[in-house]
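Chain identifiers are assigned alphabetically (A, B, ...) following the order of the sequence lines, protein sequences preceding nucleic acid strands; residue numbering begins at 1 within each chain.
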Amino acid sequence: KQEVTQIPAALSVPEGENLVLNCSFTDSAIYNLQWFRQDPGKGLTSLLLIQSSQREQTSGRLNASLDKSSGRSTLYIAASQPGDSATYLCAVYNNNDMRFGAGTRLTVKP
Amino acid sequence: KAGVTQTPRYLIKTRGQQVTLSCSPISGHRSVSWYQQTPGQGLQFLFEYFSETQRNKGNFPGRFSGRQFSNSRSEMNVSTLELGDSALYLCASSFVGTFQETQYFGPGTRLLVL
């Protein structure tokens with residue numbers, strides 16, 4: 001059974017800092033991995049999707065990497081801003097199912 | 001372009017009742033997926049419908065069912081409600097499929113089972 005873990009559970013950083021969020025999964029036979037952002041009361045937003053054949057995806061200040069062999073993905077956020085404060089979730093898809101991590105709650109302080 | 005809409009936004013039911021939630025995808029999207037989010041279990045995938053057919057299914061009991069209509073609108077039904085079904089139910093839509101591309105999420109329906 002696929003298990004997805006996100007570390008740390010919470011992170012607080014000052015504005016402008018570069019940061020890395022981690023996601024690990026137990027079954028490396030994944031089809032793809034996605035990163036999401038959830039804002040309180042505002043729902044879920046897809047950020048990046050990495051197919052199993054890809055190593056990374058970039059969107060603006062966000063860069064997600066995937067290392068299937070080690071069962072890890074990282075989400076790198078450059079020059080963090082207070083507006084980046086949210087919960088970030090990763091999810092992996094395999095065996096016709098999708099498993100989510102518990103998320104990392106990020107606070108960026110002005 | 002209108003986003004994903006979900007109705008109702010809030011719902012209170014009692015144990016044993018059944019409930020139907022509705023999701024209208026973004027125009028042109030043929031895939032609709034449903035998710036359950038609870039404080040204890042986090043976010044979990046329920047199922048995906050594409051062109052009126054269930055294409056993927058998560059690990060939920062048969063009390064959870066869904067369907068999709070020819071206009072891609074989808075409904076999710078939960079029968080014989082249990083206290084543990086209290087959750088935020090999210091739906092998401094995309095052009096070709098939940099697991100192939102970016103999904104767009106609705107605001108969710110918050111269900112409380114008493």
Novice: Within a 6.0 Å radius of atom OH on B:Y104, are there more than 12 heavy atoms belonging to other residues, nucleotides or ligands?
Specialist: no

Novice: Just wondering, do B:L43 and A:L44 contact through their side chains at under 4.5 Å, heavy atoms?
Specialist: yes

Novice: Should A:V108 and A:Y76 be regarded as members of a common hydrophobic cluster, given that ILVMFWY residues are connected when their side-chain heavy atoms come within less than 4.5 Å of each other, either directly or indirectly?
Specialist: no

Novice: Say you draw a straight line from CZ of B:F47 to CG of A:D97; how long is it, rounded to the nearest 0.5 Å?
Specialist: 12.5 Å

Novice: B:F105 and A:F36: aromatic ring centres closer than 6.0 Å?
Specialist: yes

Novice: Got a second to check how far B:L88's CG is from A:Q38's CD, nearest 0.5 Å?
Specialist: 7.0 Å

Novice: May I ask you to check whether over 12 heavy atoms, not counting those of A:R105, lie within 6.0 Å of atom CZ?
Specialist: no

Novice: Would you say that more than 12 heavy atoms from the other residues, nucleotides or ligands in this model lie under 6.0 Å from the CZ of A:R61, or not?
Specialist: yes

Novice: Checking B:Q41 against chain A: side chain, backbone, both or neither under 4.5 Å from a heavy atom?
Specialist: neither

Novice: Answer yes or no: are there more than 12 heavy-atom neighbours, outside B:N59 itself, under 6.0 Å from its atom CG?
Specialist: no

Novice: Look at the side-chain heavy atoms of Ile, Leu, Val, Met, Phe, Trp and Tyr, link any pair under 4.5 Å apart, and say whether B:L46 and B:F50 land in one connected group.
Specialist: no

Novice: Would a single hydrophobic cluster contain both B:L114 and B:Y10, if residues Ile, Leu, Val, Met, Phe, Trp and Tyr are joined by side-chain heavy-atom contacts under 4.5 Å?
Specialist: no

Novice: Under 4.5 Å between any side-chain heavy atoms of A:Y93 and B:N56, yes or no?
Specialist: yes

Novice: With a 4.5 Å limit on heavy-atom distance, are the side chains of B:Q44 and A:R99 in contact?
Specialist: no

Novice: Taking the six-membered ring for Trp, are B:Y35 and A:F100 ring centroids under 6.0 Å apart?
Specialist: yes

Novice: Kindly give the heavy-atom pair with the smallest separation between A:S46 and B:T102, and that separation in Å.
Specialist: CB-CG2, 3.3 Å

